[in-house]
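Report on one structure; see the data block that follows.
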Amino acid sequence: MDFKQKVAEIFTSLDDEITIDEAIQMIEVPPSSDMGDYAVPCFKFSKKYRKAPAIIAKELSEKIGQVDGFEKVENAGPYVNFFVDKKHFAEKILKQAYAEKDKFGSTNVGEGKTVIVEFSSPNIAKPFHIGHIRSTLIGNSIHKIYTYMGYNTVAINHLGDYGTQFGMLISAYKKWGTPEIVEAIEKDPIPELLKLYIRYNQEIETHPEYQDEARYWFKELENGNEEAHKLWTWFREVSLKEFNRVYDMFGIKYDSLAGESFYSDKMADVISELEDKQLLKDSEGAKIVELSEYGLTDALIQKSDGSTLYVTRDIAAAMYRKKTYDFYKNIYVVGAPQKLHFDQWRKIIELMGYEWAEDCVHVMFGTVSLEDGALATRKGRVVFLEDVLKKAIEKTTEIISDRNPNLDNREEVAKQVGIGAVIFQELFNNRIKDYMFSWDKTLSFEGETGPYVQYSYARTCSLLKKADIEIDDDVDFSVLTDKEAFNVIKKLEGFKAAVLGSHDKYEPFFITRYVVALAQEFNRFYHECPIIVEDAKVKKARLLLTQTVNTVIKTALNLLGMEAPEKM
RNA sequence: GAACCAUUAGCUCAGUGGAUAGAGUGCUAGACUUCGAAUCUAGGCGCCGGGGGUUCGAAUCCCUCAUGGUUCACCA
């Protein structure tokens, strides 16, 4: 029985003018469970019946009287409050969860649809730093959520492996690339390449012609100059090796590494198509698409020297992806500063006549800053992502040797918990918020944190192991009608909505908030209600609840990209 | 100058137009010879940035102002 549906049916039977959908719309969840489990506010009836809402609520609740599956129906002021029968409720939720196992939070909305998630996308030859954590982890979670919902998913790392900056690097290397430098790059690629990049930028101040040389070399790269291409390939390889260390730690895998360079030979077609559709205008030797009539600034498509830009490559990429994957959604997890770029880009695709422009989604997020100001690679104000993970693991190792020194595979668990803490923290708030990176906060393991949830999970594992009995859904559900157990079950019921919310809004934090709340309810239950008790009936029922919580926590953590260690 | 985003407890943040605006943290006091104390319990007088408006009802929707952030042509 669906309790909400039942409440809606009651209202349609009381008033033939109300449709079932309208009735469902009216149903609310009271702020406190003391007020019931479902509520219908009666303000809207007051005009029709020409009575005060509170009087209507009272009359309606008396008219409804006793209903099958509900403990009671009563009014509180202008609300008609429904209290579910706790035993029936427990039976319904736990039997469903038992049958569906780790699919309990899923629906089949994604069946037969392909979704692309582009995320992380660091620039090669540059540090993989704390600023990249957001796209990397938000994107990874969204990818997992869509996969869980039954979509075919394609994870793309749109590497920043093209553009004038590589002209700079090639030019710099040709000027200063002594054998010592080559060796240094092989040994420690990112910092050494970064040094070249910084030096080049500094020398542009005194040698303005370097700017043109960089553009020249990038143009040569686009034209397929062998020397330029060879250097570029080398920069790309050594950088990827570095990035993969971090992706491995996060357990992130990609289906495609088609970065900007991949589209270098697909740009000419885009430009000629824009020409054909008469969208391009000449402006100071460059080519633009005018967008002012749509409330946007004009978009530069081709530079005056003939080379292309970011937006051109993104148009080519979108067209390629539509052709290759025939996506249902094409999701870009990229920071809010690039909103204008994506608005222009989507508008241009729309102007080209492609209806699928509306299936392209920019999932944006706020900016990370450091305590002493904005991140600034060239000024050395940078926190490496790998260092953050290492420190988190280090701290976890200390805590483990302090509290659980005999733990097996301590290293593995320290990794799972330390990295889990970082992931959880990142996915805990609304994406749009800017935040300041803080070591204290990242390394805090108490309260609403990843380790708290993982600890709760380990606790369920330990209980299930200790009890050591076969668990099935043939239990006496009347055991689970006390307040603490009921609150856990109500929370379990909300899992599907949390996952669906994250799916609809591209917001993993609904799941993060959900799982911490579930862990809290379970911990309260644990402290109030002994689980492994003599009474076999009580024990079995409470263990079924424990097992359900166990499965849901693990599923939720996996959707966030976290591991769930059984001991910690 | 224009556009977009943000503003809720000391701090970090939740809050689908509905009932008394909630968590965590910090602080104070308690709970381990008993299922894991990375846990739990108790303690909150907040001009929900200001001002208007819409509504039976606004932290939530609209307008306006303020503050902070971001972006606005040859970087990505």
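Note that this is a predicted model, so its numbers are computed, not measured. Throughout, protein chains are lettered first and strands after them, A, B, ... in sequence-line order, and every chain is numbered starting at 1.
The residue among A:A39 and A:E284 whose nearest nucleotide of RNA chain B is located toward the 5' end is A:A39.
Among the protein residues, A:T449 comes within range of no part of the nucleic acid, since none of its heavy atoms lies under 4.0 Å from any strand. Contacts of A:A286 with the nucleic acid, taken as non-hydrogen atoms under 4.0 Å apart, include base atoms. Contact annotation for A:I288: base contact, defined as any heavy-atom pair under 4.0 Å involving a base atom. Within 4.0 Å (heavy atoms only), A:P78 reaches no atom of the nucleic acid at all. If you check every strand for non-hydrogen atoms under 4.0 Å, A:A517 touches nothing. Across all strands, A:G163 comes closer than 4.0 Å only to sugar-phosphate atoms, never to a base (heavy-atom distances).
Within 3.5 Å, no donor on the side chain of A:T297 pairs with an acceptor on the base of B:A3, nor the reverse. Contact of A:S304 with B:C74 (side chain to base): a donor-acceptor pair of N or O atoms is detected under 3.5 Å. For A:N81 against B:A19, a side-chain N or O and a base N or O form a donor-acceptor pair under 3.5 Å.
With respect to A:R346 and A:D343, a salt bridge is recorded, a charged nitrogen being found less than 4.0 Å from a carboxylate O. With salt bridges taken as basic N to acidic carboxylate O contacts below 4.0 Å, none links A:K465 and A:E566.
Not one side-chain nitrogen or oxygen of A:S46 sits closer than 4.0 Å to the OP1 or OP2 atom of B:C56. A:K505 has no side-chain polar atom (N or O) that falls below the 4.0 Å cut-off from OP1 or OP2 of B:U16. Of the side-chain N and O atoms in A:K303, none sit less than 4.0 angstrom from OP1 or OP2 of B:A73. One finds no side-chain N or O of A:K287 lying less than 4.0 angstrom from the OP1 or OP2 phosphate oxygen of B:A73.
By the ring-ring contact (aromatic ring centres under 6.0 Å, His included) test, A:H158 is found to be paired with A:Y263, residues two or more places apart in sequence or in another chain being considered. In this view, A:E28 satisfies the side chain to side chain donor-acceptor pair (under 3.5 Å) rule with no residue, not counting sequence neighbours. Residues passing the side chain to side chain contact (heavy atoms under 4.5 Å, CB included) test with A:L407, sequence neighbours excluded: A:I400, A:N404, A:R410, A:V413, A:K567. Remark: A:A556 pairs with A:F495, A:I511, A:V515 by the side chain to side chain contact (heavy atoms under 4.5 Å, CB included) rule, at least two apart or across chains. For A:H129, the ring-ring contact (aromatic ring centres under 6.0 Å, His included) partners at least two apart in sequence or on another chain are A:H132.
In A:K47, the NZ atom is not crowded: 12 or fewer heavy atoms of neighbouring residues, nucleotides or ligands sit closer than 6.0 Å.
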Pair up each side-chain donor or acceptor in residues 161-171 of chain A with any protein partner under 3.5 Å, not counting sequence neighbours, and list the distances.
from	atom 1	to	atom 2	distance (Å)
A:D161	OD1	A:E260	N	3.1
A:D161	OD1	A:S261	N	2.8
A:D161	OD1	A:S261	OG	3.4
A:D161	OD2	A:R236	NE	3.0
A:D161	OD2	A:R236	NH2	3.4
A:D161	OD2	A:S261	OG	2.8
A:T164	OG1	A:K303	NZ	3.2
A:Q165	OE1	A:K126	NZ	3.4
A:S171	OG	A:Y200	OH	2.9

In residues 414-427 of chain A, what donor-acceptor pairs under 3.5 Å come from side-chain atoms, sequence neighbours left out?
from	atom 1	to	atom 2	distance (Å)
A:E426	OE1	A:Y435	OH	2.4
A:E426	OE2	A:R134	NE	2.8

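Heavy-atom distances under 4.0 Å link RNA chain B to A:R215 of residues 208-216 of chain A, given in residue order. Scanning residues 534-549 of chain A for heavy-atom distances under 4.0 Å to RNA chain B yields an empty list.
Across B:C4, B:G15, B:A6, the shortest atom-to-atom separation from the side chain of A:I432 is found for B:A6. Picking from B:C56, B:A14, B:A76 the nucleotide with the shortest atom distance to the side chain of A:N430 gives B:A14. The side chain of A:R513 has B:C13 as its nearest neighbour among B:C13, B:G24, B:A73. Of the listed nucleotides (B:G24, B:C40, B:C75), B:C75 has the atom at the smallest distance from the side chain of A:L309. Distance from the side chain of A:A76 is smallest to B:A19 among B:A19, B:A76, B:C13. When the nucleotides B:A14, B:C56, B:C75 are ranked by their closest atom to the side chain of A:K44, B:C56 comes out on top. Distance from the side chain of A:R524 is smallest to B:U41 among B:C72, B:G15, B:U41.
Under the 90° criterion around 0 for the glycosidic angle, B:C61 counts as anti.
Between the side chains of A:R215 and A:S307, no donor-acceptor pair is found at a separation under 3.5 Å.
A distance of 6.0 Å or more separates the ring centres of A:F3 and A:F82.
B:A23 sits 33 Å from B:G52 when the C1' atoms are compared, rounded to a whole Å. Nucleotides B:C75 and B:G51, compared at atom P, are 48 Å apart to the nearest Å. Of the P atoms belonging to B:A19 and B:A59, the separation is 9 Å, rounded to the nearest Å.
Aromatic ring pairs are classed by plane angle as parallel below 30°, tilted from 30° to 60° and perpendicular above 60°; the pair A:F525 and A:F522 is tilted.
Stacking of A:K395 on the aromatic ring of A:F445 is recorded, both the 6.0 Å distance cut-off and the 45° axial limit being met.
A ring-ring contact (aromatic ring centres under 6.0 Å, His included) with A:Y332 is found for one member of A:F342, A:F365, A:F119 and no other, namely A:F342.
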Close N/O contacts between protein and nucleotides 34-38 of chain B (under 3.5 Å):
from	atom 1	to	atom 2	distance (Å)
B:C35	O2	A:I531	N	3.2
B:C35	O2	A:I532	N	2.8
B:C35	N3	A:I531	N	3.0
B:C35	N4	A:Y526	O	2.3
B:C35	N4	A:C529	O	3.4
B:G36	OP1	A:S462	OG	3.0
B:G36	O2'	A:Y455	OH	2.3
B:G36	O2'	A:R459	NH2	3.2
B:G36	N7	A:S462	OG	3.4
B:G36	O6	A:M568	N	3.4
B:G36	N1	A:M568	O	3.0
B:G36	N2	A:M568	O	3.0
B:A37	OP2	A:R459	NH2	2.7
B:A38	OP1	A:Y455	OH	3.3
B:A38	OP2	A:R403	NH1	3.3
B:A38	O4'	A:R403	NH1	2.5

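Identified under the salt bridge (Lys or Arg N to Asp or Glu O under 4.0 Å) test for residues 520-549 of chain A, with sequence neighbours left out: A:D472-A:K540, A:D476-A:K537, A:E521-A:R524.
Where pairing requires Watson-Crick or G-U contacts shorter than 3.5 Å, the helical stems of RNA chain B with at least three consecutive pairs are B:1-7 with B:66-72, B:10-13 with B:22-25, B:27-31 with B:39-43, B:49-53 with B:61-65.
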